[in-house]
Every structure is written in C-alpha cells, then in structure tokens.
2 protein chains.
Amino acid sequence: MFQASLRARSDHTNAVVTATGSMPEVAALEKIGTRMTLERGKALFHEGDPADHVYKVVNGAIRTSRLMSDGRRYVLDFLFPGDFVGINEDSVRTMTAEAICETVLMRYPRRLFEAVVEEDRGLGRLVYAALCDGLASAQDRMLLLGRKTAIERIASFLLMMADRRPDGRVELPMTRADIADYLGLTVETVSRILSQLKAEGVIAMREPTRIVLVRRAKLESLADGA
Amino acid sequence: MFQASLRARSDHTNAVVTATGSMPEVAALEKIGTRMTLERGKALFHEGDPADHVYKVVNGAIRTSRLMSDGRRYVLDFLFPGDFVGINEDSVRTMTAEAICETVLMRYPRRLFEAVVEEDRGLGRLVYAALCDGLASAQDRMLLLGRKTAIERIASFLLMMADRRPDGRVELPMTRADIADYLGLTVETVSRILSQLKAEGVIAMREPTRIVLVRRAKLESLADGA
DNA sequence: CGCATAGTTGAACTCTCTCAACAGCCGTGG
DNA sequence: CCACGGCTGTTGAGAGAGTTCAACTATGCG
C-alpha cells in the first residue's frame with residue numbers, strides 16, 4: 001500500500017510535523033518500535049524483499065536506490081534523522097535502502113505501524129504530510145532531471161543539502177557516485193563542477209565531504225539558470 | 001496541504017480504486033461538485049494561483065507543467081478521465097494545469113472536498129492510494145529522466161500510454177513539445193525517434209497522434225535498455 | 001487560398017559521458 | 001613505521017548522444 005521513503009517537514013500541515021521526536025502521538029509509535037544500528041554500506045532492505053517494516057532514521061543517513069537490469073543505478077533519495085523509510089511501499093520493496101554511514105534507526109512492524117496510524121489522527125496527518133512532501137520534492141527533482149544543466153543540478157543539490165543544516169556548512173556523507181546517481185550525472189561531472197564552483201569562489205571545500213556555501217546568492221541564481 | 005495531481009489506479013489498496021466512478025463514497029463527492037468544460041489550450045489554473053478547488057477529469061486530458069524563469073518548461077503529468085487534479089496542493093498552486101483537448105471536469109471546493117475526505121474512510125483511502133500511486137510513478141520517472149536514453153524514454157512513454165488503453169492502440173492527444181517536456185528531451189529528438197521506431201517496424205503511425213504498438217515485446221526490451 | 005501551427009528531417013555543434021591516468025586517504029600487515 | 005592495495009576523488013582528452021539552428025512538409029482554420 002506504500003511506495004516511498006518519506007520525510008516529514010514543516011511545509012505542510014504545520015510546525016508539529018518537524019517536532020516529531022517530541023510529539024505525544026509518537027508515544028504510541030515508540031511502544032511498537034525497536035532500535036537498531038546499521039553499519040556503513042549495509043542494506044536495510046533490497047528491491048524485491050517483502051516490505052514488512054517501516055523505519056525512522058534516528059541518526060546517520062540512508063540512501064534509497066533502484067537498479068536497471070544493465071547495472072545503471074538511480075538514487076531516489078537520501079534520508080536523514082527524522083525521515084521515515086519504507087512507508088508507502090507495496091507488499092514488495094521497489095527500492096533498495098542502504099546506510100551511507102553508521103546509522104541508527106527505529107524499526108516498526110508494518111501492520112502495527114499502519115494500525116497506529118489508522119487510530120491516531122495526528123500521526124495519520126503526519127504520515128500524510130510526509131507523503132505530500134515526498135511528492136513535492138519528487139516533482140522538484142523531475143524538473144531538475146528533465147530540464148536543468150549539470151551546474152544547475154549541483155547548485156540545486158547543494159542548496160537542498162544546506163537547507164537541512166541551518167548554517168552555510170554542508171555535510172556530504174554520500175560519495176560522489178551517490179550524488180551523480182541522484183542527479184542523473186556521472187562521478188566525473190560532479191567532481192569537475194564542484195571543482196569549478198570552488199575555483200570560482202562560490203563554495204569552499206577543504207575535504208570532499210565538507211562544503212561551505214560562500215556565495216549563496218550566486219548558487220541560488222545558478223540553480224535556477226542564470 | 002497538497003501538492004500534486006493524482007491518479008487513482010488499481011495497484012495500491014485494491015480494485016475499488018479503479019472503479020471510482022461507480023463507488024458509493026463518490027455520492028458524497030458529487031453533491032459538492034459542479035461540472036465544467038474547458039476548451040483545448042485553456043488553463044484550469046496557473047502556478048501561483050490560490051489553490052481553492054480540486055478537480056476530477058471526466059473526459060479529455062489535462063497537462064500539468066512548471067516553468068523555469070528562462071522559459072524552460074517541464075511537464076509533470078498528463079491527466080486522463082478518472083484522475084484527480086490539484087489534490088495535494090498547498091494553498092498556492094505549484095504548477096499550471098491546462099487542457100490539451102476539449103475537457104470535461106468535475107470541480108469541488110477544496111474545503112468541502114477535504115471535509116468529505118476526512119469523514120469518509122473509503123474516500124480517504126482512495127485519495128491516499130492516489131497519492132501513493134502518484135509518488136510511485138514520480139519515482140519511475142526520476143529513473144527515466146536520470147538514467148535512460150532517448151529511445152528508452154520514448155519506448156517507456158509509449159508503453160505507459162498504452163497501459164491506459166487495453167488494445168495496442170495509443171492515442172497521443174498531446175503535442176510533440178508536450179511529450180518532449182515530459183521526457184526531458186527536445187521536440188526534434190522525439191520526432192526523430194518516433195520516425196526511427198516506425199522505420200524499424202516497432203510501431204505504426206499514420207497520423208502523428210495515433211500510434212499502434214506493432215512489436216510490443218521489442219518496445220519493452222527497448223524501454224529497459226537492450 | 002493563405003497563413004499559422006505542428007511535425008519531420010538535415011547538419012553542425014556542444015555538453016556531458018567515456019576512457020584513462022593520477023592523487024589522496026585509510027586500514028592492513030609485514 | 002612504512003609499504004601496499006583498495007577505494008574515492010580529481011583532472012585531462014577524445015567521443016558521442018542529444019541539442020540547436022534551419023529548412024521544409026503537412027495539417028487545419030480563417
């Protein structure tokens with residue numbers, strides 16, 4: 001009955017959404033959940049597996065992806081603390097979920113999770129909002145993939161990642177290959193364009209995983225095509 | 001609270017979903033709906049408009065799209081009879097919806113629509129399933145846009161369109177430009193590849209809008225990369 | 001009949017990919 | 001402690017898929 005990994009954030013419904021961790025409705029959830037840890041690179045589940053659990057990222061980061069028969073990969077999403085994984089999957093997984101770094105998750109049996117959601121209006125709305133949010137960001141990405149140039153994609157990506165962390169600093173726990181597969185580019189192009197942005201002084205990058213948005217306005221205009 | 005146009009089909013929940021038109025829960029909806037007609041090319045709403053109605057396509061076809069500041073367009077979806085339009089929009093439209101041919105719609109005030117959905121479990125599930133379905137197809141399209149070649153995209157598109165009509169015949173009410181903007185290609189490429197498929201005997205095409213899938217199996221292997 | 005719009009086809013160009021080499025980092029083990 | 005191999009990231013050069021520009025055809029509508 002479900003299909004994607006979800007993210008509950010502030011845009012829809014209201015502020016309640018972001019505060020998941022401390023909301024009363026979560027109590028009902030926590031009762032049925034168990035904590036688990038996943039090492040970097042380990043899979044939470046694979047395409048084709050039975051979808052009998054729902055997860056929430058507590059710490060770390062998850063990457064969801066799909067594989068084509070010839071090995072081409074597409075990264076559907078990166079999930080960070082607070083995001084749900086595996087909600088909205090049908091009975092069978094349509095994607096693979098792997099930890100891109102040491103990751104802590106809460107794991108809920110799907111039946112129970114759905115029962116709780118069914119009972120609890122507030123949680124139901126939360127899940128619904130997460131679903132809407134997922135759809136909205138999927139649409140943003142379709143525009144990105146369908147019509148944006150490589151520079152525009154990278155700029156958009158950096159801004160998206162920056163939105164999750166308030167200051168200008170961006171942590172990129174994923175590899176260049178992950179970024180490439182997320183943006184529909186190749187590793188080389190990602191690397192080249194990051195270097196170019198660095199050379200132009202738009203971003204700073206001492207280590208490959210740590211980026212600082214130096215000229216955010218410039219990035220924003222680049223993201224939109226300028 | 002909403003963001004996209006939705007489509008309720010059979011995959012999720014159950015067969016009930018496809019039979020929308022004849023379901024009991026729809027009675028409640030029809031009470032609050034009014035019928036309307038839209039000429040070819042006319043807009044149902046524009047990006048930025050207040051989102052105070054939800055629509056259902058009765059007849060014809062709707063195209064939803066987004067525009068970038070420099071005029072690049074991306075077509076989010078084509079909506080056909082039975083599909084909902086404008087569900088899951090926030091208070092402001094994030095996309096433009098236009099009729100690609102003479103189109104009949106049912107129009108429901110959003111407040112009332114949401115109230116009915118809130119009341120009616122069955123309808124709620126229907127909307128929820130539609131949302132899941134929209135997300136699933138958005139994910140398919142991200143893979144398509146991110147990793148498929150032009151031929152693979154066209155083949156996938158033709159198969160998608162064919163799935164809506166049982167026989168091998170495909171009606172394409174949209175222009176080549178619409179298809180191009182939907183698949184992240186240019187008009188010329190779409191045209192060229194359709195010609196190529198025709199020359200190879202994979203499809204037949206007497207008029208640009210009518211296509212017959214002659215060798216469906218071939219198309220299917222093309223769609224996946226073979 | 002003539003103009004506007006949609007579709008097709010050709011040729012040149014370009015952005016991104018592919019292939020290849022190299023650099024940097026890290027953990028393992030001698 | 002350093003050498004080594006493996007993995008990730010960077011950079012260069014050449015190739016190619018799809019775009020851009022342009023001309024032409026077909027279709028429909030006044």
Side-chain angles (χ1 to χ4, degrees), chain A residues 39-41 63 68 70-75 98 100-102 144-155 157-158 170-200 203-211 222 225, chain B residues 39-41 63 68 70-75 98 100-102 144-155 157 171-200 203-211 222 225:
Chain A
E39 286 172 50
R40 175 195 150 106
R63 169 191 69 223
M68 285 178 67
D70 62 356
R72 273 175 284 176
R73 189 182 70 154
Y74 180 69
V75 169
E98 290 151 309
I100 57 184
C101 54
E102 179 100 358
L144 179 147
L145 295 167
R147 286 289 173 242
K148 289 194 179 180
T149 65
I151 304 172
E152 289 163 4
R153 294 183 201 199
I154 298 281
F157 176 73
L158 291 175
V170 183
E171 284 287 331
L172 301 179
M174 68 292 286
T175 66
R176 296 290 189 259
D178 290 338
I179 299 174
D181 287 343
Y182 183 74
L183 298 178
L185 300 170
T186 57
V187 200
E188 295 92 330
T189 302
V190 171
S191 186
R192 261 187 264 275
I193 288 178
L194 285 174
S195 299
Q196 181 191 327
L197 289 174
K198 181 182 170 184
E200 290 168 354
I203 61 172
M205 172 172 60
R206 313 212 120 209
E207 306 153 68
T209 61
R210 282 173 206 281
I211 289 179
L222 280 176
Chain B
E39 286 173 50
R40 174 195 150 107
R63 170 190 69 224
M68 286 179 65
D70 61 357
R72 272 175 285 176
R73 188 182 69 154
Y74 180 69
V75 168
E98 290 151 310
I100 58 183
C101 56
E102 179 101 358
L144 179 147
L145 294 167
R147 285 291 173 240
K148 289 194 180 180
T149 64
I151 303 172
E152 291 163 3
R153 294 183 201 198
I154 298 283
F157 177 73
E171 284 287 332
L172 300 179
M174 68 293 285
T175 66
R176 295 291 189 260
D178 290 339
I179 299 174
D181 287 344
Y182 182 73
L183 298 178
L185 300 169
T186 58
V187 200
E188 295 92 329
T189 302
V190 171
S191 187
R192 260 186 264 275
I193 287 177
L194 285 174
S195 299
Q196 181 191 327
L197 290 174
K198 182 182 170 184
E200 291 169 351
I203 62 172
M205 173 172 58
R206 313 211 120 211
E207 307 152 67
T209 61
R210 282 172 206 281
I211 289 179
L222 280 176

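Below, chain A is the first sequence line, B the second, and so on; all start at residue 1.
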Next item on the list: Round to a whole Å and report the spacing from CG of B/Asp178 to P of C/dT5.
Entry: 15 Å
Next item on the list: Please check if the side chain of B/Arg176 supplies one atom and the backbone of B/Val187 the other of a donor-acceptor pair under 3.5 Å.
Entry: no
Note to self: Please check this pair: side chain of A/Arg147 against backbone of B/Arg72, looking for a donor-acceptor N/O pair closer than 3.5 Å.
What the structure shows: no
Item checked: Spacing of B/Met68 atom CE and A/Leu144 atom CG [to the nearest 0.5 Å] -> 8.5 Å
Note to self: Check whether A/Arg153 reaches the backbone of A/Lys148 with its side chain - one donor and one acceptor, N or O, closer than 3.5 Å.
What the structure shows: yes
Next item on the list: Could you check how far CZ of A/Arg210 sits from P of D/dG9, rounded to whole Å?
Entry: 14 Å
Note to self: Once you apply a heavy-atom cut-off of 4.0 Å, does B/Thr175 come out as touching a base, just sugar-phosphate, or nothing?
What the structure shows: sugar-phosphate
Next item on the list: Please state whether the phosphate of D/dT11, meaning OP1 or OP2, lies under 4.0 angstrom from any side-chain nitrogen or oxygen of A/Ser195.
Entry: yes
Next item on the list: Between protein and nucleotides 16-30 of chain D, map the contacts as a letter string: B base, S sugar-phosphate only, - none, heavy atoms under 4.0 Å, written 5' to 3'.
Entry: --SBBB---------
Next item on the list: Nearest whole angstrom, please: distance from the P of C/dC26 to the CD of A/Glu207.
Entry: 9 Å
Note to self: Let me confirm one number: the CE-CG distance from B/Met174 to B/Asp181, rounded to the nearest 0.5 Å.
What the structure shows: 12.0 Å
Next item on the list: Figure out the CG/P separation between A/Leu145 and C/dT16, and round it to whole Å.
Entry: 13 Å
Check: How long is the gap from CG on B/Leu185 to OG on B/Ser191, to the nearest 0.5 Å?
Finding: 12.0 Å
Next item on the list: Could you state the atom-to-atom distance from NZ of A/Lys198 to P of D/dT10 in whole Å?
Entry: 8 Å
Item checked: Interatomic distance where CZ belongs to B/Arg72 and P belongs to C/dC15 [whole Å] -> 13 Å
Check: Separation of A/Leu194 atom CG from D/dT11 atom P, in whole Å?
Finding: 10 Å
Note to self: Nearest whole Å is fine: how far is C/dG7 C1' from B/Gln196 CD?
What the structure shows: 17 Å
